[in-house]
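Before any comments, here is the structure.
When reading the values below, keep in mind they use all heavy atoms of this one structure, side chains included, and skip hydrogens, waters and symmetry mates. Note on naming: letters A, B, ... go to the chains in the order of the sequence lines (proteins, then strands), and numbering restarts at 1 for each one.
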Amino acid sequence: MTKHLHQIYQILFEEFGPQYWWPGETRDEIIIGAILTQNTNWANVEKAINNLKEKQLLTLSALTKANQMTVVECIKSAGYFNQKAERLILISKALQSYIPSRDKHEFRSFLLSLKGIGPETADSILLYAYNIPFFVVDAYTKRIFSRLGYILPSQRYSSVQQWIMQYLEPDSDLFNEYHALIVKLAKTKCKKRPMCSSCPLKDLCRYAMNSVLWIL
DNA sequence: GGCCAGGCGGCCC
DNA sequence: GGGCCGCATGGC
């Protein structure tokens with residue numbers, strides 16, 4: 001399986017090239033973006049980030065002192081703005097006063113204990129803001145690996161993550177690029193209604209094989 | 001005009 | 001553990 005996962009990575013990298021993730025410049029911006037992008041199109045998040053930047057609110061320390069309504073106004077475009085504004089401020093305060101632990105699992109547990117940070121957001125922060133190798137699993141990851149035939153769509157986050165991580169060396173650069181390439185494939189080919197005929201993975205995908213059988 | 005987007009928490013059983 | 005609901009904008 002290790003070989004398959006590396007092969008899939010190679011094919012995606014050759015097809016799409018480096019993705020230069022995370023799309024953000026500072027650690028704080030990555031953390032803020034990770035929360036804002038929950039169930040939301042990145043284009044809508046970018047507008048929110050620009051608004052926060054204009055108001056000098058694109059840092060955790062600024063957010064701890066920010067007025068919630070001001071934050072709401074900045075992040076309207078990102079959706080769920082009342083929830084996200086409140087949680088952004090609370091998370092900023094919690095992270096500011098947190099003394100980083102040497103133990104990565106302890107750090108992850110801390111993130112998960114915060115309201116507004118679930119497994120995907122926690123792992124995105126760990127991987128993209130801190131270069132700690134946790135593999136990020138999202139709806140795209142599940143869709144692609146279940147279509148490939150390796151997992152079931154019903155499998156939970158931790159189960160999918162354990163399945164992948166047991167076969168890959170814990171390399172944050174690899175995890176970084178791999179997840180970004182998965183997102184790229186999901187947006188361009190492996191969409192809800194997939195475009196298998198032009199997919200670079202079609203020759204090793206069970207779903208693509210089955211679609212071809214129907215045509216023949 | 002409906003569907004979708006890089007989820008999460010709070011319920012309920 | 002599994003399922004349902006509310007949260008909300010903007011692009012297509």
Are side-chain N/O atoms of A:K202 and A:S211 paired as donor and acceptor at under 3.5 Å? no
What's the gap between B:dC8 and C:dG10 when it is taken at their P atoms, as a whole Å value? 22 Å
Just checking A:I117: base, sugar-phosphate only, or nothing, at a heavy-atom cut-off of under 4.0 Å? sugar-phosphate
Under the side-chain contact (heavy atoms from CB on, under 4.5 Å) rule, what do A:N51 and A:K55 come out as? Steps first, then yes or no, please. CA-CA 6 Å; A:N51 293 336; A:K55 300 251 174 178; 5.8 Å; no
Rounded to whole Å, how long is the line connecting atom CG of A:L114 with atom C1' of B:dG10? 17 Å
Nearest-Å distance for atom pair NZ/C1', residues A:K187 and B:dC4: 12 Å
Any non-hydrogen side-chain atom of A:L36 less than 4.5 Å from a side-chain atom of A:I32? yes
Check: A:K187 and A:K191 side chains under 4.5 Å, non-hydrogen atoms: no
Would you indicate whether the side-chain heavy atoms of A:L185 and A:C199 approach each other to under 4.5 Å? yes
Is there a side-chain contact between A:P153 and A:K142 (heavy atoms, below 4.5 Å)? no
Distance check: side-chain N/O of A:K115 vs OP1/OP2 of B:dG10, anything under 4.0 Å? yes
Could you give all pairs that pass the side-chain hydrogen bond (donor to acceptor under 3.5 Å, both in side chains) test and reach residues 162-186 of chain A, with sequence neighbours left out? A:H6-A:E169
Please tabulate, one pair per line, each protein N/O and nucleotide N/O from nucleotides 2-5 of chain C that are separated by under 3.5 Å, including the distance.
unit_1: C:dG2; atom_1: OP2; unit_2: A:R156; atom_2: NE; d: 2.9

Between A:S61 and A:Q96, a side-chain donor and acceptor under 3.5 Å: no
Going by distance alone, is a donor N or O of one side chain under 3.5 Å from an acceptor N or O of the other, for A:K189 and A:S198? yes
Check the distance between B:dG7's C1' and A:D123's CG and give it to me in whole angstrom. 13 Å
Would you say A:C196 and A:M209 make side-chain contact, with heavy atoms under 4.5 Å? no
Exercise: do A:D123 and A:Y157 side chains pair donor with acceptor under 3.5 Å: yes
Scoring nucleotides 6-12 of chain C by protein non-hydrogen atoms under 4.0 Å (B base, S sugar-phosphate only, - none) yields BBBBSS-
Of A:R143 and A:Y157, whose closest DNA chain B nucleotide lies nearer the 5' terminus? A:R143
Going by ring-ring contact (aromatic ring centres under 6.0 Å, His included), name the residues that satisfy it together with A:F175, two or more places apart in sequence or in a different chain. A:F135
Under a 3.5 Å cutoff on both atom distances, Watson-Crick or G-U, what's the dot-bracket for DNA chain B ([ ] crossing, | other strand)? .||||.|||||||
Near-strand residues of residues 126-139 of chain A, defined as heavy-atom separation under 4.0 angstrom from DNA chain B: A:D138, A:A139
Quickly work out the A:L36 CG to B:dA5 C1' distance and round it to whole Å. 14 Å
How far, in whole Å, is C:dC5 from B:dC3 if one measures between their P atoms? 15 Å
With a 4.5 Å heavy-atom cut-off, do A:L90 and A:K115 have their side chains touching? no
Check whether more than 12 heavy atoms from other residues, nucleotides or ligands sit under 6.0 Å from atom CE of A:M195, and answer yes or no. no
